[in-house]
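Step one of this worksheet: look at the structure below.
Only a predicted model underlies this, so the values are computations on that prediction, with no experimental measurement involved. Letters A, B, ... mirror the listed sequences (proteins, then strands); counts begin at 1.
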Number of protein chains: 2
Amino acid sequence: MELQNLITEQGVRCHFEKGAQVFKQGDDCEYIYFVEHGLLKAFYVTASGKETIKSFIKQHSIIGSLNAALRLAPCTFSLEALDSSVLIRFPFSQLLEESKRSMSISQEVVQILLGLALKKERREFELLTLSATERFNNLKRADPELVKKLTQNDIAKYLGITAVALSRIKHQG
Amino acid sequence: MELQNLITEQGVRCHFEKGAQVFKQGDDCEYIYFVEHGLLKAFYVTASGKETIKSFIKQHSIIGSLNAALRLAPCTFSLEALDSSVLIRFPFSQLLEESKRSMSISQEVVQILLGLALKKERREFELLTLSATERFNNLKRADPELVKKLTQNDIAKYLGITAVALSRIKHQG
DNA sequence: GAGCAGCATTAACCTATGTTAAAAACGCAT
DNA sequence: ATGCGTTTTTAACATAGGTTAATGCTGCTC
C-alpha cells in the first residue's frame, strides 16, 4: 500500500458539500482523486443539455478524467458530490513519475487500471446487450444500498433513460 | 519495446482463416493475443441468441478477455477473424510476472492499459449519450476504411442496432 | 449468361422509450 | 399539523428502433 501512503501523505485533502462540483466538463484538471468518504457522480452533459451519468463513485475509489490527466484534452465529464465528501487530490503526472521510480507503485497502478478496465467492460456489455429493465435489475442486484440512496432521476440518467421511463419500468406488471 | 520483443520471441504464432474463432464466449482462455496482421471482431452472444459486437481488432493491437486472463471467469465474449489473420498468443499470467521483474515492461503495461481505458471510456460515452445515427456518423468519421470493409450486419451489431435499422439510417432524408 | 447464395433494402406493423404536462406523494421548515 | 418545494407517478401522444417477410442486388459457379 505504498501508493495509498503516497497519496494520503502528499495529496491535498479537499472537502465538498452535497451538490458541489469537483471539476466540470471542459476544465483542465490534471488531478486524480481518492475518495476518503462520501458519494459522487461523474456525468456528461450533451450539447442539447441532456445529462447522463457515467458512474457513481464511492468511498475508497479513485476517480479522474483520464483524458485530462494525461493532458490530451479537457475533462470529458463533470464530477459532483451527491453527499458531503472528502477527497484527496494528487497530480496524475506525479503518479506516473513515481510509478517509474518504484516497482511496487507501478504494480499497484497496473492493478488499479486492470480493475478500471474490468468495470468499463462490464458497463459496455450492459449498455450493448441489455434492455433498460435488465440494466435496472442488475443495478439493484449489484448494489441495493446505492439504489436506495439515489434519486430516480439519477438512477435513470445512469441507465441511459428518463425518470419517466424508469418509473414505468418499476411499476409495470 | 521490450514487451514487443518478449511477445514476438516467446509467444506462439497462430493463423486463423476468415470465419475461424480464436476463442469462444465461455472458454477458459488465459492468453492475450497480439495481432500481427488481419482483422477480427470481439462479440457477445446473449441467451436469446442476439449478437452484439464489442470491438473490431486491427493490426498491431492486443486483445484478450480480461476476465479470463485474470482467471476470474470464463471469456465473456468470442473472438473471430473477419479476414485471414495472424496472431501471437502469450499467457497473461506470464506478462504480469515479467512486469514484476522489469520496470520497463511494467511501464509498457501501464501504457497499454491506459490506452484501453481511454478507448472503453469513449465507447461508453457514445453508447450512453449518442443516438444510433450519431454513433454511425462517428464511426464513419473515425474509420472510413473499416466501415467499407465490414458488412452492414457487423456495423449494425457494433452500433447496437439491427441491419434493418442501419439501412433506414443510411437512406433517411 | 442462367441459376444460386448471400447481403442489402424496403415495407408494414409492433414495442420501448422520449416528451410534455398534470397530478400525487414526500420531506422539510415553520 | 400546514404549506411549499422537490421528487415521483400517471397519462397522452410522438419517435426510434425491432421484427418479420418480401424484394432486389451482387457476385459466383457452371
Exercise. Assess the pair Phe125(A) and Phe77(B): is the distance between their ring centroids shorter than 6.0 Å?
Key: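 Here the rings of Phe77(B) and Phe125(A) have centres that are no less than 6.0 Å from each other.
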Exercise. Under the side chain to side chain contact (heavy atoms under 4.5 Å, CB included) rule, what do Glu124(A) and Leu127(A) come out as? Steps first, then yes or no, please.
Key: CA-CA 5 Å; Glu124(A) 177 187 75; Leu127(A) 289 171; over 6 Å; no
Only pairs under 3.5 Å count here: list side-chain donor-acceptor contacts from residues 152-166 of chain A, not counting sequence neighbours, and write none if there are none.
unit_1    : atom_1 : unit_2    : atom_2 : d
Asp154(A) : OD1    : Lys41(A)  : NZ     : 3.1
Thr162(A) : OG1    : Ala165(A) : N      : 3.2

Quiz item: Without hydrogens or angle criteria, can the side chains of Ser131(A) and Glu134(A) be said to hold a donor-acceptor pair below 3.5 Å?
Solution: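 Yes, Glu134(A) and Ser131(A) have a side-chain donor paired with an acceptor closer than 3.5 Å.
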Quiz item: Going by atom types alone, do Glu30(A) and Ser93(A) pair a side-chain donor with an acceptor below 3.5 Å?
Solution: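 Indeed, the side chains of Glu30(A) and Ser93(A) share at least one donor-acceptor pair under 3.5 Å.
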Exercise. Specify the residues of residues 149-158 of chain B, ordered by number, for which at least one heavy atom lies under 4.0 angstrom from an atom of DNA chain D.
Key: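 Per residue number, the list is empty: none.
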Between [atom2] of [N] and [atom1] of [X], the distance in whole Å:
| X | N | atom1 | atom2 | result |
| --- | --- | --- | --- | --- |
| His171(A) | dT17(C) | NE2 | P | 16 Å |
| Gln172(A) | dA11(D) | CD | C1' | 16 Å |
| Phe136(A) | dT17(C) | CZ | P | 13 Å |

Quiz item: Do Arg89(B)'s NZ or CZ and the ring of Tyr33(B) fall within the cation-pi criteria of under 6.0 Å and 45°?
Solution: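 No, cation not above the ring by the 6.0 Å, 45° rule.
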Practice problem: Under the side chain to side chain donor-acceptor pair (under 3.5 Å) rule, what do His15(A) and Ser84(A) come out as? Steps first, then yes or no, please. | Solution: CA-CA 7 Å; His15(A) 188 268; Ser84(A) 164; 3.1 Å; yes
Quiz prompt | Protein-to-nucleotide contact annotation, 5' to 3' order, nucleotides 17-28 of chain D [B base; S sugar-phosphate only; - none; under 4.0 Å, heavy atom] | solution = BBBB--------
Quiz prompt | Test applied, salt bridge (charged side-chain N to carboxylate O under 4.0 Å, His left out); reference residue, Glu121(A); option that passes from Lys54(B), Lys120(B), Lys119(B) | solution =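 With Glu121(A) as partner, Lys54(B), Lys120(B), Lys119(B) yield a single salt bridge (charged side-chain N to carboxylate O under 4.0 Å, His left out), made by Lys54(B).
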